[in-house]
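Report on one structure; see the data block that follows.
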2 protein chains.
Amino acid sequence: MGIHKEAVIIDDLIQQIIEKKLLPGSKLPSENELAEKYDVPRITVRNALIKLEERSYIYSVQGKGRYLKDKSIPIQLSLTGKTSFTEKMKSMGHDLKTVTISCKKILFEPKIYDILQAKETDTVYQIGRLRIINGVPMAIHYSYVSEHRFPTIKQDSPTIHSMFDYYRQQGTERFSSRKTYLSITFPTLEEQHLLSCNSMVPLIILETDCVDQDSNSILEYTKILYRSDQFKYDITTDP
Amino acid sequence: MGIHKEAVIIDDLIQQIIEKKLLPGSKLPSENELAEKYDVPRITVRNALIKLEERSYIYSVQGKGRYLKDKSIPIQLSLTGKTSFTEKMKSMGHDLKTVTISCKKILFEPKIYDILQAKETDTVYQIGRLRIINGVPMAIHYSYVSEHRFPTIKQDSPTIHSMFDYYRQQGTERFSSRKTYLSITFPTLEEQHLLSCNSMVPLIILETDCVDQDSNSILEYTKILYRSDQFKYDITTDP
DNA sequence: CCATGGTAACTTGTTGCCAAGTTACCATGT
DNA sequence: ACATGGTAACTTGGCAACAAGTTACCATGG
């Protein structure tokens, strides 16, 4: 029953934060005061406050109270445009690091194999990379590559810094993509660790493919998980 | 302390659901069984299960137990392309309804006024519309229009079905946009009611502007809130 | 006057117990 | 044989009492 009253309390507190009736660093009323104000049991107030804490609005100190965090304005990042992601980040004064975190064969998945035009007997590698901006992990980037298309991908992968550079070396001059899908998920434990965030941070999933524009052959299937709490993404489509 | 163990339980249960070790409709182990299995107090298991319920993985019946929902596959919707949103939906066999929910003056907001090139003394209207697909509320669409640019917007708004049609009537032939931003939020109480979803459903925010391509004058600022739990969005950029 | 320690009144964090609902089973009476 | 009702053992739901940490204040003793 308390679930709706909890939502009301959350909504009201967030509203107060937005309207700056509560200021960053300031102390919130105690659980008991709020319980009396909203005429609900303390546990309901508690659950509401814990949710606000998980959403990074507040933090708590046992014996003292709960305090408002100064919520950092999200950093704007550009995802579209002609130049490469690395170059765009550099030009905007951001420090971008990319760390390869994994390279492993995947089990047969119809969806991915279909996109890669791979047979069930083919081997497909998943190459995982972590994008770090100004020290903050920003995205997990998975590239799925068919060994049939790139026979030396396994031994090449440790030395690859940019997949685009790699494909260029392999003969591709112009890139293109057929489909791009947007969806949302919550991070698994592993993703929470990699992105150093908690389970309440929604992740933006971008799924796309990458094809050689001239030969029209598929290069890779890409799945990127962006964290949504620290960044705002510019997806302007230039004409 | 229990917050991390809670995350482990959530992760483990979701993993079991994905791997189909738990089947839709089947009963989960009781709170006490899970508490023993993970060696945690019952309250920790409880909190984990409540989160899973809020994320629509399961539902509970007092006295009986908790059961797995059959999670519906998200509907794919196309957001890009030359044709209008309405036409695209129709062509994909979806039934799209649009309901106007509000039309009101807004208080001065520098960001919006700046984009609309409006003076602080100008009046800006927010026109809110609800997009409903196959009976499921899908998005809240806010158009911000300057009265200075469209003096009769107030009396016209009730009869407007499509903003694009309206702008065409007002002389615009070709549309364009300058910037599009993507971010994520959780719904306010009002948004929860409009979209008939709970507070744990992330909303995708798309912010963009709409300009007359020939005169290069601003028509409106648009902010759309898409629910992310029922839909998957095709944002393919056609060449 | 000042330093120390104790106490009381607050805060958040934890836990265990009881209430409420469901099911299965069994004893009892017709 | 069968219907009824009671009971016990489960389930989830709710809450009050307790634990732990912080602060402020005051009494006490040097």
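Keep in mind that this is a model prediction, so the values were computed, not measured. A note on names: the letters A, B, ... follow the listed sequences, proteins ahead of strands, and every chain is numbered from 1.
For the pair Gln62(A) CD and dA19(D) P, the computed distance is 13 Å after rounding to whole Å. In this structure, the CD atom of Glu31(A) is 15 Å from the P atom of dA16(D), given to the nearest Å. Tyr59(B) places its OH atom 13 Å from the P atom of dG13(D), with the value rounded to the nearest Å. Straight-line distance from the CG atom of Leu28(A) to the C1' atom of dC10(C): 16 Å, rounded to whole Å. Spacing between atom NZ of Lys27(A) and atom C1' of dT11(C) amounts to 7 Å, rounded to whole angstrom units. Atom-to-atom, CD of Glu33(A) to P of dT12(C) comes out at 9 Å; the value is rounded to the nearest Å. Atom-to-atom, CD1 of Ile58(A) to P of dT11(C) comes out at 15 Å; the value is rounded to the nearest Å. At whole-Å resolution of the value, CD in Glu53(B) and P in dT12(D) are 11 Å apart.
Distances shown here put a side-chain N or O of Ser60(B) below 4.0 Å from the OP1 or OP2 atom of dG13(D). Look at Arg66(B) and you won't find any side-chain N or O under 4.0 angstrom from OP1 or OP2 of dT22(C). For the OP1/OP2 pair of dT23(C) and a distance below 4.0 Å, the side-chain nitrogens and oxygens of Lys64(B) include at least one atom meeting the criterion.
By the 6.0 Å and 45° rule, Lys71(B) stacks over the aromatic ring of Tyr57(B).
Counting non-hydrogen atoms under 4.0 angstrom, Arg46(A) reaches a base of the nucleic acid. Note on Arg42(A): a base of the nucleic acid sits closer than 4.0 angstrom, heavy atoms only.
Closest approach of Ser199(B) to Pro187(B), counting heavy atoms only: O-CD, 3.8 Å. Taking every heavy atom of both residues into account, Thr100(A) and Ile160(A) meet most closely at OG1-O, 4.4 Å.
Taking the six-membered ring where the residue is Trp, the centroids of Tyr226(A) and Tyr233(A) are separated by under 6.0 Å.
Projected onto DNA chain D by closest heavy-atom contact, Ile43(B) and Pro29(B) fall at different nucleotides, the more 5' of which corresponds to Pro29(B).
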